[in-house]
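See structure below.
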Amino acid sequence: MQFPANRTAWFAEARFGMFIHWGLYAVHGRGEWALSREAWSMDDYRPLAEQFAAEDFDPRAWARLAKAAGMRYLVLTTKHHEGFCLWDSKLCAFNSVNSAAKRDLVAEFVEAVRAEGLKVGLYYSLGDWHNDDWFRGWQGDTAATERFMDYTHGLIEELMTGYGKIDILWYDLPHCYGIEEWRSVELNAKVRARQPHILINNRSWTSEDFATPEQHIASSAKGRLWEACMTLNGHWGYCPSDTAWKNPRSVALKLADCARGCGNLLLNVGPDAAGRIPEAAQDILRSVGQWLERHQEAVLATERCDLPWYLFGPTTKRGNILYCFVKEYYGDELIVGGLTPRVQRARLVGAQRDLSFEQRGRQTIIRGLGAHASDADPVLPVVALELDAPPATDISSHIDGADIFPVLPA
Ligand code: GLC
């Protein structure tokens, strides 16, 4: 397969994307697994489509919100495990055109995201509770397996041919069948033949372009593109009773954590059945976007930062600059322990203000942050230390060079 040059460059630098879980589960508002968890019969579930009206669906507004948050791409669940297709499928009648919405939602989404200059990602669940062949094949009916695989390849073909250039194909739920049964290698080769620029995730049992740690940040994935996907409250699908939102500070810390391992954060929202992203989620994303705007230099285009300490918060770096994301400091002072290069300048990034500093032995003492972290930044303060050499630390103890944080025997 001949890949276009720099095919993955945009993704490697994107840092932040919006995941959108939207389907019939938005009608009942109890999460996208309710069909399975609550043992709904399909006869009871299918009519939810009559209530899925999407009357306020405005994908331009979704894309603008993503932009305001500093996100570079969006990934929409075109079909989740429930099997309902958000596009005008010729192979699956259980789709949005036949629902109260009466629209090809994927078409409108793709067009709007592109119009806002962002990248388009399509999520597709391989697992399918609506298709009996998925169950039958799993129980050993080989003819059903073949039918289901043809169906799967056909639906993906529709998505890859009917909507212009697609930037990401995001598979999910390959479980119950193996790589041979999915014919994943053949499937992905067909996808790439249609969409030479596409990036494909690692959830069809092949490794493809990027890893997808879920609800955690695995910055150890060296030498490989990765993207951590996370919920903004505790659910992927719309769930109005779940108000346990992550606050902007916690999202900013997660972004920093991703940046230090050169990965991306795909942060989820779950619109309601009308197509509205909950207000609380919108507010958080806008606030994160303002923070990111103030702190771009510390989050975007940074280099991998494997410094061994992680005391006051995550750190990122570029050249001789070390960025400290300050989770906490005491009084007016931040003391960075063990930094070996000499500091030439200390700056509070968001406020574009110089800070005073002193280096005593292995302590770098930074002053002038203000008495409370909120004085330094309403979301999360970041201190840039401009050094005379690339960031490095020495945290060995003064006693016999022993490590201050000895690794204890297991
Ligand atoms: C989990 C959820 C699934 C969701 C996915 C996103 O696997 O069970 O519903 O789509 O995460 O990565």
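What's counted below: heavy atoms across the whole structure, side chains too, no hydrogens, waters or symmetry copies. Both ligands and their constituent atoms are indexed starting at 1 by order of listing. One is the number of the first residue; the rest follow in order along the sequence.
Every pair passing salt bridge (Lys or Arg N to Asp or Glu O under 4.0 Å) that includes a residue from residues 58-74 is listed here, sequence neighbours excluded: Arg60-Glu116, Arg64-Glu116, Lys67-Glu116. The side chain to side chain donor-acceptor pair (under 3.5 Å) pairs that include a residue from residues 230-242 are Gln215-Thr231, His235-Asp242, where partners are two or more places apart or lie in different chains.
Contacts of ligand 1 (protein heavy-atom distance under 4.0 Å) are Phe19, His21, Glu32, Trp33, His80, His81, Tyr123, Trp170, Asp172, Arg203, Glu214, Cys229, Trp236.
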For residues 150-157, tabulate all N or O donor-acceptor pairs below 3.5 Å that involve a side-chain atom, not counting sequence neighbours.
| unit_1 | atom_1 | unit_2 | atom_2 | d |
| --- | --- | --- | --- | --- |
| Asp150 | OD1 | Arg183 | NH2 | 2.8 |
| Thr152 | OG1 | Phe148 | O | 2.9 |
| His153 | ND1 | Lys190 | NZ | 2.8 |
| His153 | NE2 | Trp182 | O | 2.8 |
| Glu157 | OE2 | Arg194 | NE | 3.3 |
| Glu157 | OE2 | Arg194 | NH2 | 2.5 |

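By the 30° and 60° cut-offs, the orientation of the rings of Phe57 relative to Trp62 is perpendicular. Note: Trp10 and Tyr73 have perpendicular aromatic rings, judged against thresholds of 30 and 60 degrees for the angle between ring planes.
Ring centers of Phe312 and Tyr329: at least 6.0 Å apart, outside the cut-off.
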